[in-house]
There are 2 protein chains.
Amino acid sequence: MPYTYTHPRPALTVDCIIFGYDHRLDEADLKILLIERDIEPFRGKWALPGGFVRMEETLEAAAKRELREETGLSNVYLEQLYTFGTPERDPRGRVISVSYFALVNLRSEELAAGTDARSAQWFSFKDMPALAFDHKTIIETAVERLRGKVRYQPIGFELLPDKFTLTELQTLYETVLETSLDKRNFRKKIESYELLRDTGETQRGKAHRAARLYTFDHKRYKQLEKYGFLFEI
Amino acid sequence: MPYTYTHPRPALTVDCIIFGYDHRLDEADLKILLIERDIEPFRGKWALPGGFVRMEETLEAAAKRELREETGLSNVYLEQLYTFGTPERDPRGRVISVSYFALVNLRSEELAAGTDARSAQWFSFKDMPALAFDHKTIIETAVERLRGKVRYQPIGFELLPDKFTLTELQTLYETVLETSLDKRNFRKKIESYELLRDTGETQRGKAHRAARLYTFDHKRYKQLEKYGFLFEI
DNA sequence: GGAATGAAGTGTAAAAATCACACTAATTCT
DNA sequence: AGAATTAGTGTGATTTTTACACTTCATTCC
């Protein structure tokens, strides 16, 4: 059944930039989740998970649905990034893409096996394959936003598992910000925010002194946020 | 001539949040440019300038065109804000709005008389009339973004005329951030960035000591920006 | 033209935050 | 038992931020 309008309309899509991080890897690196396209255009090329928005769903719901359908990921907190809409960005005609991004811990998020997710894969953002559409630009925009944001909001924790060590946290920041940080000063600063709770547990199975495990106190952060609390790394 | 598609498509609009500021007013206040709608829906209600995107123009070009057509304003630097797309936001059906915002000096921007701009008017953002669609939400989002942004990027200058005094600049920051700032500390900080050029001129026609007039050195800022220069008020 | 007005313009000392820097402690492996 | 490896900790120097009050000068008013 065709749909007819008095004026031409662009098509509307959403795309998801999912940042993943594996704290266990020696060569810690930010990763991005891509899927291999199995239809034209750009068949066989890698692309961001995403697709067309349905008429009755919100933009964010569309992004969540496409993400789940294409990669098996669900329950991620998506945040709107930017809307891309140059007339030439899609060879099929005018297509507007509203992009969303999210941070996940790579080890705790298994890519569901039974679905379309066969073709979903993590890529180090330093070593991207050729991408469909303008997805390279979209990813660059997302990385910029992540770098800007991670310094002023405690969102880095979302990339780590529930329990993590201070060294893991520091390495994460060093990876995302591409700098090195002083261990003592970093710990002092993190401690000063009083956002971490010592679980009492320690890391096990390492061939060296076991590190304390901490969790991020989301409730406390929400409280502090209301009163103009400022976080900064 | 009708346009037909195999799947339904939402309509696509742009909306502009134009912040204006008049440094000469005693009760300095942020203003927002609104137009009175002369067609349904919401006929007679105030709304953000904006309208439908044409198939061959970029989103930003559409925003600029609508802004010019409806208010006479041109040559403003628009920055994309957010995309609003809940299914119920427009009674005519599914309409997505990509919003853009800009800062202008209210005195130097005359609202062109000959155009549709008859119905364009500045409103203090503390005293908004009832607004069409979800434009209240859009404005709230824009104000939040402006407050966040003005502290870390020297965009406040766009709200002032080309030549301004340090007191005018301070009052502007106090207005936008809704705080009061120490005069000496403010001046020290501004001076430390070396982004202002003393024009050698002074303010005239005031019943008190004349203040020095400064201009913002855009070129220098662009240079510094490349090398990771950080601005903060 | 002298006095009153009112904002412009200026410095310093105390407090806080940031930075640079190196050793001991705990655990595992052999 | 000892080697290997990362965890964990404190201090002093430097820089940045903060709090605070008087003099200067162009205009206006008498």
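Below, all heavy atoms of this structure are taken into account, side chains as well, without hydrogens, waters or symmetry copies. The sequence lines fix the lettering, A, B, ..., with proteins before strands; numbering per chain opens at 1.
Test D198(A), T202(A), T165(A), T199(A) against R212(A) for side-chain hydrogen bond (donor to acceptor under 3.5 Å, both in side chains) and you get one pass: D198(A). When each of K183(B), H23(B), R187(B), Q203(B) is paired with T167(B), the side-chain hydrogen bond (donor to acceptor under 3.5 Å, both in side chains) condition holds for R187(B) and for no other.
The distance between atom CZ of R212(A) and atom C1' of dT9(D), rounded to the nearest whole Å, is 11 Å. Rounded to an integer number of Å, the gap from R184(B) CZ to dT17(D) P is 17 Å. Between the NZ atom of K183(A) and the C1' atom of dG10(D) there is a distance of 14 Å, given to the nearest Å. Rounding to whole angstrom units, CD1 of residue I190(B) and P of dT10(C) are separated by 15 Å. The NZ atom of K206(B) sits 10 Å away from the C1' atom of dA7(C) (whole-angstrom rounding). Between the CD1 atom of I233(A) and the P atom of dT18(C) there is a distance of 11 Å, rounded to whole Å. We find that CZ of R204(B) is positioned 17 Å from P of dA8(C), with the value rounded to whole Å. When the C1' atom of dA7(D) is taken as reference, atom CZ of F186(A) falls 14 Å away, rounded to whole Å.
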Which is it for Y152(B) and Y152(A) under the ring-ring contact (aromatic ring centres under 6.0 Å, His included) test, yes or no, and what are the steps along the way?
CA-CA 11 Å; Y152(B) 301 105; Y152(A) 301 106; 5.3 Å; yes
Check the pair F216(B) / Y214(B) against ring-ring contact (aromatic ring centres under 6.0 Å, His included), numbers first and verdict last.
CA-CA 7 Å; F216(B) 179 70; Y214(B) 293 84; over 10 Å; no
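The stretch residues 153-181 of chain A comes close to DNA chain D through T167(A), each having a heavy atom under 4.0 Å from the strand.
Looking at heavy-atom distances under 4.0 Å, K189(A) makes contact with sugar-phosphate atoms alone, never a base.
On a pure distance criterion of 3.5 Å, a polar donor-acceptor pair joins the side chain of K188(B) and the base of dT12(C).
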Under 3.5 Å between N/O atoms: give me all the protein pairs with nucleotides 4-6 of chain C, atom names plus distance.
| unit_1 | atom_1 | unit_2 | atom_2 | d |
| --- | --- | --- | --- | --- |
| dG6(C) | N2 | R209(B) | N | 2.9 |

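A salt bridge links R151(B) and E232(B); the closest N-O separation between the charged side-chain nitrogens and carboxylate oxygens is under 4.0 Å.
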Under 3.5 Å, side-chain donor or acceptor atoms of residues 73-81 of chain B against the rest of the protein: list the pairs with distances, not counting sequence neighbours.
| unit_1 | atom_1 | unit_2 | atom_2 | d |
| --- | --- | --- | --- | --- |
| E79(B) | OE1 | K149(B) | NZ | 3.0 |
| E79(B) | OE2 | K149(B) | NZ | 2.6 |
| Q80(B) | OE1 | Y100(B) | OH | 3.4 |

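Between S192(A) and K189(A), the shortest heavy-atom contact is OG-O, 2.6 Å.
Checked against a 6.0 Å centroid threshold, the rings of F164(B) and F157(B) count as neighbours.
No side-chain heavy atom of I190(B) sits less than 4.5 Å from a side-chain heavy atom of Q170(B).
At the phosphate of dG9(C), OP1 or OP2 sits under 4.0 Å from a side-chain N or O atom of R187(B).
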